[in-house]
Structures are given as C-alpha cells and as structure tokens.
Amino acid sequence: MTVNQLAELLNANKLNIANGDKEVVTGYAGDLLSFVMGRAPEDSAWFTIMTNLNILAVATLTDVAVVVVCEGAAVDNAIIEKAKQQEINLIKTEYDVFNAIKRYLDAI
C-alpha cells in the first residue's frame, strides 16, 4: 500500500505529501518518542496522537514512510511547514489509533 492509498483509506487530510507513492510495508503505534525512535520499523506508517515538532525528528531518524496523526489532533502550521522542508509525509485522520490501524490491517 502506498502513502496516498493509506491516506484515502483513512479519509485523511494530507498535511504534507512529499512522496505519495512511497510503500508502507508495516505499521507502528506509539506516543512515547524514545520508544518510537528505537522500535518503529523503516517504511512503516507511524500512528500517533503526538503533535509537537519532535515527531518530525523521530520520523527522520526512523525513516518511517508516513506519520499518521490520529483522533483529529490539532497540528500546528509550524509542524506542517517543517514537514514540507524535511520532505516528511504527514497525514491526519479522525479515526482513533485502534480503528486507523484496524482499517489499515483489513486492507492489506
């Protein structure tokens, strides 16, 4: 599944799509950034409710395919602009983490 396909599946707002054709090969859910840094697989969709600038640093370090902000959490414009600068795929969905992941798993 690609980032664009995942965004469509989740009815997500595409806050920044740097590479919509990037393959999402797995997923990871977590909000404790130190855990995500050490455990999120490369090319995964990272499902979170965190919305501070540090998510972009973690996304870069882990080389996730896309950051999926769940539960409609507010994302500041500064984060969106930084995601554009760093070419990080960033989407936002109204689904809670559990149901966003369930939709992803049901589709693969």
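Predicted model, so just to flag it, every value in this text is computed and none were measured.
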Checklist entry - Of Val67, Asn13, Ile17, which is the lone residue that meets side-chain contact (heavy atoms from CB on, under 4.5 Å) with Ile91? => result Ile17
Checklist entry - Which distance, rounded to the nearest 0.5 Å, do you find between the NZ of Lys82 and the CD1 of Ile55? => result 12.5 Å
Item to check | Heavy-atom closest pair, residues Asp31 and Met50 | outcome: O-CG, 3.4 Å
Item to check | ILVMFWY cluster, Tyr28 and Phe98 together (side-chain gap under 4.5 Å) | outcome: no
Item to check | Polar side-chain atom of Asn89 near backbone of Ala65 as donor-acceptor pair, under 3.5 Å | outcome: yes
Checklist entry - For the side chain of Asn16 and the backbone of Ile88, is there at least one donor-acceptor N/O pair under 3.5 Å apart? => result yes
Checklist entry - Val68 and Thr93: side-chain contact (heavy atoms from CB on, under 4.5 Å), yes or no, with the steps? => result CA-CA 7 Å; Val68 182; Thr93 184; 4.0 Å; yes
Next on the checklist: Can you tell me how far apart CG (Asn54) and CE (Met37) are? Round to the nearest 0.5 Å.
Outcome noted: 9.0 Å
Checklist outcome for this item: Rounded to the nearest 0.5 angstrom, the OH-CG distance for Tyr104 and Leu9 is 10.0 Å
Item to check | Atom of Glu71, atom of Asp96 and distance for their closest heavy-atom approach | outcome: CG-CA, 3.4 Å
Checklist entry - Does the Thr62 side chain pair with the main chain of Ala40, one donor and one acceptor, at a distance under 3.5 Å? => result no
Item to check | Student check: side-chain heavy atoms of Val69 and Ile49 closer than 4.5 Å | outcome: no
Item to check | Val97 reachable from Val64 in the ILVMFWY side-chain graph, under 4.5 Å edges | outcome: no
Item to check | Any donor-acceptor N or O pair under 3.5 Å, side chains Asn4, Lys14 | outcome: yes
Checklist entry - Hey, does Ile101 have a side-chain heavy atom less than 4.5 Å from the side chain of Asn99? => result no
Next on the checklist: Test of understanding: clusters of I, L, V, M, F, W, Y form through side-chain heavy atoms closer than 4.5 Å, transitively. Do Ile80 and Val58 belong to the same one?
Outcome noted: yes
Checklist entry - Shortest non-hydrogen contact from Lys84 to Leu15? => result CE-O, 4.2 Å
Checklist entry - Are any side-chain N or O atoms of Gln86 and backbone N or O atoms of Thr60, one a donor and one an acceptor, separated by less than 3.5 Å? => result no
Next on the checklist: For Glu23 versus Met1, what's the shortest heavy-atom pair and its separation?
Outcome noted: OE1-N, 3.2 Å
Checklist entry - CD of Glu8: more than 12 outside heavy atoms within 6.0 angstrom? => result no
Next on the checklist: Measuring only between side-chain heavy atoms, which start at C-beta, is Val36 closer than 4.5 Å to Thr48?
Outcome noted: no
Checklist entry - Roughly how far, to the nearest 0.5 Å, is CG of Leu61 from CG of Leu56? => result 11.0 Å
Item to check | Intermediate values then yes/no, side-chain contact (heavy atoms from CB on, under 4.5 Å), Asn52 and Leu33 | outcome: CA-CA 11 Å; Asn52 63 49; Leu33 299 181; 4.2 Å; yes
Next on the checklist: A quick test of your reading: do over 12 heavy atoms of other residues, nucleotides or ligands sit less than 6.0 Å from CD of Glu87?
Outcome noted: no
Checklist entry - Rounded to the nearest 0.5 Å, how far does CG of Leu53 lie from CD of Glu81? => result 11.5 Å
Checklist outcome for this item: When every non-hydrogen atom of Cys70 is compared with those of Tyr95, the smallest separation belongs to CB-O, 3.3 Å
Next on the checklist: Do Phe47 and Leu10 make a side-chain contact, defined as non-hydrogen atoms from C-beta onward lying under 4.5 Å apart?
Outcome noted: yes
Checklist entry - For Ala29, does its backbone N or O pair with a side-chain atom of Trp46 as donor and acceptor, under 3.5 Å? => result no
Checklist entry - Does NZ in Lys22 sit with more than 12 non-hydrogen atoms of other residues, nucleotides or ligands closer than 6.0 Å? => result yes
Checklist entry - Looking at CG of Asn19 and OG1 of Thr2, how far apart are the two atoms once the value is rounded to the nearest 0.5 Å? => result 9.0 Å
Checklist entry - Can you check whether Val3 reaches Val24 side chain to side chain, under 4.5 Å on heavy atoms? => result yes
